[in-house]
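Positions are given from 1 along the sequence. Hydrogens, waters and symmetry mates are skipped; everything else that's a heavy atom, side chains included, is used.
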Amino acid sequence: MKPITTAEQFNEIIASDSKALIKFQAGWCPDCTRMDMFIDPIVEKYDMYTWYDIDRDVLPEIAEKYDVMGIPSLLIFQNGEKQAHLHSANAKSPEQVTEFLDGVEK
C-alpha cells in the first residue's frame, strides 16, 4: 500500500479514472493492526485497485469530508467520486473485506 500524506496527493489520486482503494487507519488503532495482519493477500487478489493508506489523524479533514467515523475503513474512489465505503464495524475480518470487495461493481 502506498501512503498518502497530503491533501493535495489525496485529491490527485482520487481524481484519476483508475480505481483507488484507500484504507483509513491510525497507528494507535488495534483493529487497524489486526487488518494489517490479513490484508496483504487481499491486496494481491484485488489488484484492479491501486491500494493506498492514509492516517486519519494526519489528515482529519479528509476523513471528516468522506464520513470516516471509525477506523479501519476502506473507501473506493474513481473520477473524484466515492464509489463504495466499508465502515469500520464491518471491516474486522478477511471475510468481511472480501465480501465487500466482491459486492462492488468491478
Side-chain angles (χ1 to χ4, degrees):
M1 261 184 241
K2 302 171 187 172
I4 295 174
T5 56
T6 67
E8 294 76 20
Q9 183 186 18
F10 173 83
N11 290 326
E12 187 177 306
I13 287 164
I14 69 164
S16 170
D17 63 349
S18 62
K19 292 182 181 185
L21 192 148
I22 301 175
K23 178 180 81 160
F24 284 78
Q25 54 79 31
W28 52 263
C29 165
D31 287 338
C32 300
T33 302
R34 192 172 307 116
M35 180 182 273
D36 287 343
M37 290 191 279
F38 68 73
I39 199 72
D40 287 345
I42 296 172
V43 171
E44 286 179 30
K45 179 178 178 184
Y46 295 89
D47 61 357
M48 69 283 293
Y49 301 106
T50 304
W51 290 71
Y52 297 93
D53 182 84
I54 190 168
D55 187 323
R56 62 121 12 249
D57 292 340
V58 172
L59 297 167
E61 67 280 2
I62 292 173
E64 189 175 314
K65 178 177 181 179
Y66 291 100
D67 300 318
V68 177
M69 302 300 177
I71 50 175
S73 286
L74 300 177
L75 282 70
I76 298 172
F77 290 91
Q78 187 176 24
N79 297 319
E81 297 290 323
K82 181 168 78 168
Q83 305 289 317
H85 186 154
L86 179 63
H87 297 272
S88 59
N90 302 316
K92 307 251 187 249
S93 72
E95 295 78 20
Q96 287 177 313
V97 173
T98 55
E99 188 176 299
F100 163 72
L101 292 170
D102 288 341
V104 174
E105 267 187 55
K106 304 251 182 320

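- Of all the heavy atoms in A91 and M35, the pair that sits closest is O-CE, 3.5 Å.
- More than 12 heavy atoms of other residues, nucleotides or ligands shown are found within 6.0 angstrom of NZ on K92.
- Atom-to-atom distance recorded for H87:NE2 and M69:CE is 9.0 Å, nearest 0.5 angstrom.
- R34 contributes atom CZ, which lies 8.5 Å from atom SG of C29 (distance to the nearest 0.5 angstrom).
- Atom CG in L101 sits 12.0 Å away from atom CD in Q96 (nearest 0.5 Å).
- Taking 4.5 Å as the limit, every side-chain heavy atom of M1 sits out of range of all side-chain heavy atoms of D36.
- The heavy-atom pair separating S73 from G70 by the smallest distance is OG-O, 2.6 Å.
- Contacts classified as side-chain hydrogen bond (donor to acceptor under 3.5 Å, both in side chains) and involving residues 74-84 (residues at least two apart or in different chains) are given here: K82-H85.
- Here the CD atom belonging to E95 is positioned 8.0 Å from the CD1 atom belonging to I42, to the nearest 0.5 angstrom.
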inquiry  = Before you tell me yes or no, could you show the steps for F100 and I76 under side-chain contact (heavy atoms from CB on, under 4.5 Å), namely the whole-Å CA-CA distance, both residues' side-chain angles and the distance that decides it to 0.1 Å?
reply    = CA-CA 11 Å; F100 163 72; I76 298 172; 4.1 Å; yes

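- Side-chain contact between T98 and F38 is absent, with no heavy atoms from C-beta onward closer than 4.5 Å.
- Heavy-atom minimum distance, A26 versus C32: N-SG, 3.7 Å.
- Counting side-chain heavy-atom gaps under 4.5 Å among Ile, Leu, Val, Met, Phe, Trp and Tyr, the cluster of I13 also holds I4, F10, I14, I22, F24, W28, Y52, I54, V58, L59, I62, Y66, V68, I71, L75, F77.
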inquiry  = Please evaluate residues Y49 and V104 with respect to the criterion side-chain contact (heavy atoms from CB on, under 4.5 Å), reporting the C-alpha separation (whole Å), side-chain torsions for both, the decisive distance (0.1 Å), and the verdict.
reply    = CA-CA 12 Å; Y49 301 106; V104 174; 3.6 Å; yes

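- Separating the CG atom in D53 from the CG atom in L74 is a distance of 10.0 Å, to the nearest 0.5 Å.
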